[in-house]
2 protein chains.
Amino acid sequence: MDQVEIFKALSNKTRLQILNWLKEPAENFPEQLNPDFENIGVCVGQIQMKAGLSQSTISEYLSILQRANLVTATRVGQWTYYKRSEEGIKMLNQIIGTAL
Amino acid sequence: MDQVEIFKALSNKTRLQILNWLKEPAENFPEQLNPDFENIGVCVGQIQMKAGLSQSTISEYLSILQRANLVTATRVGQWTYYKRSEEGIKMLNQIIGTAL
DNA sequence: AAGATATATCGACTTTTCCCGATATACCAA
DNA sequence: TTGGTATATCGGGAAAAGTCGATATATCTT
């Protein structure tokens with residue numbers, strides 16, 4: 001995994017917000033329909049509405065976060081649910097502790 | 001301090017390398033003349049030579065790192081010595097632990 | 001004061017990132 | 001199979017970052 005790619009993924013206000021929102025899905029996405037979203041994550045449409053950017057932009061941002069291993073995606077029917085990857089974020093801490 | 005600016009500063013291979021080199025100045029900059037460089041840092045010219053990019057580029061990169069509080073600068077005569085700001089890097093760990 | 005050296009800043013060009021709207025794809029429901 | 005909905009991908013225009021050479025500034029030496 002390229003460290004630069006991780007930091008690039010974090011170099012954007014909206015992407016940092018998304019990562020933050022996903023820490024507390026229940027509070028930040030009260031309109032989410034799927035009752036299991038604490039485990040599975042939040043769908044793209046909810047994140048898009050909250051972020052206030054276009055659907056295509058948010059979809060791309062989420063895949064940038066995914067490529068950096070900061071979130072994981074689960075497809076269920078027509079929805080894709082995204083949640084934080086705590087392992088990936090832990091690895092980032094290690095990078096900063098050692099490589100940096 | 002803007003988190004995005006910190007991550008942007010880290011989103012570049014050369015700037016990450018510089019930060020790394022400055023962890024071990026004695027090993028990475030054996031040609032440094034100033035014998036006190038462990039405390040004061042390494043001068044721009046040494047960093048430029050090692051990085052292999054132009055003088056202007058490295059000068060700008062160092063000021064980007066400085067604006068992000070990742071290094072500090074000390075002017076001594078005609079030289080500017082840069083060293084890691086361990087406090088700034090510690091703060092980055094906090095950001096990742098809390099804000100992220 | 002004049003020349004030499006180290007660093008910073010400026011102007012320009014190229015590449016990348018930020019976003020969007022439009023379109024494609026995948027899935028669901030009737 | 002025909003719509004309808006959710007997400008992904010594509011193409012593009014504007015803004016930012018990467019990088020350079022040239023020039024400016026600061027300092028030192030003589």
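All chains are named by letter (A, B, ...) in the order of the sequence lines, taking the proteins before the strands, and each is independently numbered beginning at 1.
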| request: By nearest nucleotide on DNA chain C, pick out whichever of A:Gln78 and B:Val44 is the more 5' one. | output: B:Val44

| said: Between A:Ser85 and A:Thr72, is there a side-chain donor-acceptor contact under 3.5 Å, judged purely by atom types and distance? | reply: no

| message | Taking any heavy-atom pair under 4.0 Å as a contact, classify A:Thr80: base, sugar-phosphate, or nothing. | response | sugar-phosphate

| note | Partner of A:Val71 under side-chain contact (heavy atoms from CB on, under 4.5 Å), picked from A:Ile89, A:Leu19, A:Ile18, is A:Leu19

| request: Return no unless some side-chain N or O of A:Ser59 is found under 4.0 Å from OP1 or OP2 of D:dT7. | output: no

| said: Need one value for B:Leu53: base, sugar-phosphate or nothing, where a base atom within 4.0 Å counts as base even if backbone is also close, heavy atoms only. | reply: sugar-phosphate

| request: Ignoring backbone atoms, test whether A:Asn12 places a side-chain nitrogen or oxygen under 4.0 Å from the OP1 or OP2 oxygen of C:dC18. | output: yes

| message | For C:dG21, does the base pair up with any side-chain atom of A:Ser54 as donor and acceptor (N or O, under 3.5 Å, distance only)? | response | no

| query | Is the distance from OP1 or OP2 of C:dC20 to the nearest side-chain N or O of A:Thr57 less than 4.0 Å? | reply | yes

| said: Taking B:Gln94's backbone N and O only, do any of them form a donor-acceptor pair with B:Thr98's side chain (distance below 3.5 Å, no angle check)? | reply: yes

| Atom pair distance, as rounded to whole Å: CG in B:Leu62 and C1' in D:dG18 | 15 Å

| task | Take the protein atom CD1 of A:Ile58 and the nucleotide atom P of C:dC19, then report the distance between them rounded to whole Å. | result | 9 Å

| field | Touch class at under 4.0 angstrom, heavy-atom based, for A:Ser11 against every strand present | value | sugar-phosphate

| Among side-chain atoms of B:Ser59 and B:Ser56, is any donor-acceptor pair under 3.5 angstrom? | no

| message | Any side-chain N or O of A:Tyr61 below 4.0 angstrom from OP1/OP2 of C:dC19? | response | yes

| request: Verify the contact: side-chain N or O of A:Arg75 to OP1 or OP2 of D:dA8, cut-off strictly under 4.0 Å; return yes or no. | output: no

| message | Is A:Tyr82 close enough to D:dA8 that one of its side-chain N or O atoms is under 4.0 Å from OP1 or OP2 there? | response | yes

| request: Send over the distance from B:Gln48 CD to C:dA6 C1', rounded to a whole Å. | output: 10 Å

| query | Between atom CD in B:Gln55 and atom C1' in C:dC10, what is the gap in whole Å? | reply | 13 Å

| message | Please verify the inter-ring angle class for A:Phe29 with A:Trp21; under 30° counts as parallel, over 60° as perpendicular, anything in between as tilted. | response | perpendicular

